[in-house]
Protein chains: 2
Amino acid sequence: MAALRRPGAGHVPSRATLVQVAAAAGVSRQTVSNVLNAPERVAPPTRDRVLLEISRLGFRPNTAARALRRRRAAALGLQVGCPDGTSLGTLTEPFLYELTVAARASDVHVVTFSAADVDDPTAEYEHLLGVRAVDGFLLTDTRHDDPRPSWLRSHAVPFASFGRVWDEPEVGEWVDVDGRTGVAVGVRHLVAQGYESIGFLGWPAGSPVGDDRREGWRSTCAELGLVTDGLEGTTTQDVHEAAAASAPLLDRLGGGGALVCASDTLALGVWTALRDRGLRPGADVGVVGFDDSPLAAAFDLTSLRQPLARIATTMLGLLTREPPAAGRRTGVLLEPSVVERSSSQRIGPPPVLPSTPGSDPTPSAATPSRPSRPAPSAATPSRPSRPASSAATPSRPSRPAMPAADTTRLT
Amino acid sequence: MAALRRPGAGHVPSRATLVQVAAAAGVSRQTVSNVLNAPERVAPPTRDRVLLEISRLGFRPNTAARALRRRRAAALGLQVGCPDGTSLGTLTEPFLYELTVAARASDVHVVTFSAADVDDPTAEYEHLLGVRAVDGFLLTDTRHDDPRPSWLRSHAVPFASFGRVWDEPEVGEWVDVDGRTGVAVGVRHLVAQGYESIGFLGWPAGSPVGDDRREGWRSTCAELGLVTDGLEGTTTQDVHEAAAASAPLLDRLGGGGALVCASDTLALGVWTALRDRGLRPGADVGVVGFDDSPLAAAFDLTSLRQPLARIATTMLGLLTREPPAAGRRTGVLLEPSVVERSSSQRIGPPPVLPSTPGSDPTPSAATPSRPSRPAPSAATPSRPSRPASSAATPSRPSRPAMPAADTTRLT
DNA sequence: CCTCGCCGTTTGAACGTTCAAGGCCAGGCG
DNA sequence: CGCCTGGCCTTGAACGTTCAAACGGCGAGG
């Protein structure tokens, strides 16, 4: 294996070391170190002198030296999966972005890796720990009987999970979205928009995520006095299957009805089914997806947004703070919010209901799109399938990229 | 900023250091080091003895110590972008996977990061280099007037780019797909399937990627004696816009025609336009996309697959081998291959043409799905919107997840 | 017989930082 | 006056590896 080329010498910052800064400032190594790591221990005049030299010399602490001495890599591992084709409405890309932002704030690096050996899902975890390349892990896609959480726990390795650790949900450090509340929000949103009956398209019973979301629909309908009988459909995470499964529901709902779906992929299936019938999503039948994946935006589907930025910062918080002494903390549940798009806009004035606080007066489709991060202009766009020069690609007019408050429209 | 928690002591491997292994094997430090880094220098009996102790003690070289002494982090930076909603048919997720696989083989880690400051796109690059956390970078989404390649070059920082370095394509280390050849392959595929006239839906002139792909269509049609007049459409990277832009093309093509698109997103636009007209993609009008993104698989769209695995390994090869002494090498162009799905299957026996080598006898849709990596069973699936328990989610019957040779069906 | 060169191995030092301990000085208190 | 305390700073050592140079032994060549 050829050695990785080294960067050319001298051009990049960090030519100076602690010792050189110390000499320039007329203090010892350790004082410079303290200025960076424990400034309160250094007298202000000294501190200022050192800081001046640090910036003058362009000093940057060496990651490797620091990791060696501190016995801490300041890095977290994140497994990226082999995309198996079902990764359509997936959030991994935006979530990864939020993780890097949160990691930066915690002075931690994110190291991505993939499973080297299919039969031994923890092998690569062990490898990264063995060579001390990471201090812990960020988990996603936790499943029932997932071997990773128990393996990590038994080896006393810190981790935080996006998604409940299903086998022991009461223990461990996880963050997840409240699917039940999320769907409840979606149902109330649709009712507020004037849809008369609300159905649900989800996955077969038995999956904790799916059952949770379905329950949100059922209980909210019960609270609002809406019928649920015959308005529930079940399908797999596939656009075509979802379209087929939605047919009987659409027959029963008729115009003025709406469907909440367990995912954006399913909602897209409903969308295609509606188009095949010559019906307009929104105007004729309401559709609400779940996740607010890029898919939802592309098809103008109202969706329940996962608060990815908060999820990411919470996960890093779990890893950077000392764990509670005894009685380990349980996981954290965050609430999704509705992202309104045209698929939940009935034409004509919707009846004013108490559930929606002062809504946006934009006529056809109001889109509170991602409010959190810096402007998208410097973003890394889709790469190959994108005209390089048309930087100012005019967005579809119906989706003005306007900011909006990240309000969770709850109940 | 709270310190990152350290993993619990003693449970994870790598309890042993070089010195301990050396003592156990009765040799010196350096000999153990040589066994790992220059085995040919060590006498076979000694080598075996050392290797035995290494495995017996579970020794793993410490990444930080190695990086400090070697003055090389053995890590590469990869920027992940702020998803701006247009990242629909994007390849970043599968590409990232392939990168991690290739990086593992090169004993390099991939560190992901995002732009901290919108106005200074190279700031985070400088930071990572300054603290010596990476040795170089993997670039994607290179644009015209991209400040990164020139900045990196001027600082003598190694990098490899997925996508041409447009400002100086003759210089530098990039890997890209040959859009022109790719589209040519797509056109020939459609002709072989029996479609009589072939149109093209692309982006406005001026983008190098788009112009390249359009030229592939135009030149191939010329070679095959097909008309192109009036069969070319132009639109932005948006499903709805693409659907609208395809309308006049579909009018002119009629049944038995086909469209090659500059991206899967555009192909999806055509797909929706066809459905709105009550036409069947494939049976009535052929559609071929570009990229073979998850989108294409989900909608059963034939697409031109980017050879992501080869792209990734090539990029790492560019970074791990010593650069050529003088007259720097130019970039590397790789050829896409057709992934056949139902959107290019005419009903009825297609005329047997010489261009398609022995094709798959599967009736409705043959999908040589990702052949490269380990089976998808251990993959990290879509996370939130996926029933956790239905691990064996039955794939749509028309897309059996069967392996197939990665044959590039060229010409 | 001595020297040279080579092979396999060892030794000293260094990479750049932080831990742990210690030193110095001023001020407060007995 | 002497002792103790606390604030500020320095010193020695260590983290675990690899570089660079030196070492001893052995066979070949002069």
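Proteins come first, then strands; the chains are lettered A, B, ... in the order of their sequence lines, and each starts at number 1. Please read all numbers here as calculations on a predicted model, not as lab measurements.
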Would you kindly give the [atom1]-to-[atom2] distance between [X] and [N], to the nearest whole Å?
X: B/Arg72; N: C/dG16; atom1: CZ; atom2: C1'; answer: 17 Å
X: B/Leu68; N: D/dA14; atom1: CG; atom2: P; answer: 17 Å
X: A/Asn62; N: C/dT18; atom1: CG; atom2: C1'; answer: 13 Å

Exercise. Can you tell me how far the CZ atom of B/Phe162 sits from the CH2 atom of B/Trp174, to the nearest 0.5 Å?
Worked result: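 Reported value, rounded in 0.5 Å steps: 11.5 Å.
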Exercise. If each of B/Arg49 and A/Ala65 is mapped to the nucleotide of DNA chain C with the nearest heavy atom, which maps nearer the 5' terminus, i.e. the 5' end?
Worked result: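 Looking at the nearest nucleotide for each, B/Arg49 comes out on the 5' side.
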Are [X] and [N] close enough that a side-chain N or O sits under 4.0 Å from OP1 or OP2?
X: A/Thr46; N: D/dC9; value: yes
X: B/Arg70; N: D/dT18; value: yes
X: A/Arg71; N: D/dG16; value: yes

Exercise. Near DNA chain D, under 4.0 Å by heavy atom, which residues of residues 28-42 of chain A?
Worked result: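 DNA chain D contact set from residues 28-42 of chain A: A/Ser28, A/Arg29, A/Gln30, A/Thr31, A/Val42.
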Exercise. Going by modelled atom types, is there a donor-acceptor pair between the base of D/dT18 and the side chain of B/Arg69 at under 3.5 Å?
Worked result: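 Indeed there is one.
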Exercise. Hey, are A/Arg104 and A/His109 close enough side-chain-wise for a donor-acceptor pair under 3.5 Å?
Worked result: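 No.
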Exercise. Taking NZ, NE, NH1 and NH2 as the nitrogens, is one of them in B/Arg72 or B/Asp135 under 4.0 Å from a carboxylate oxygen of the other?
Worked result: no
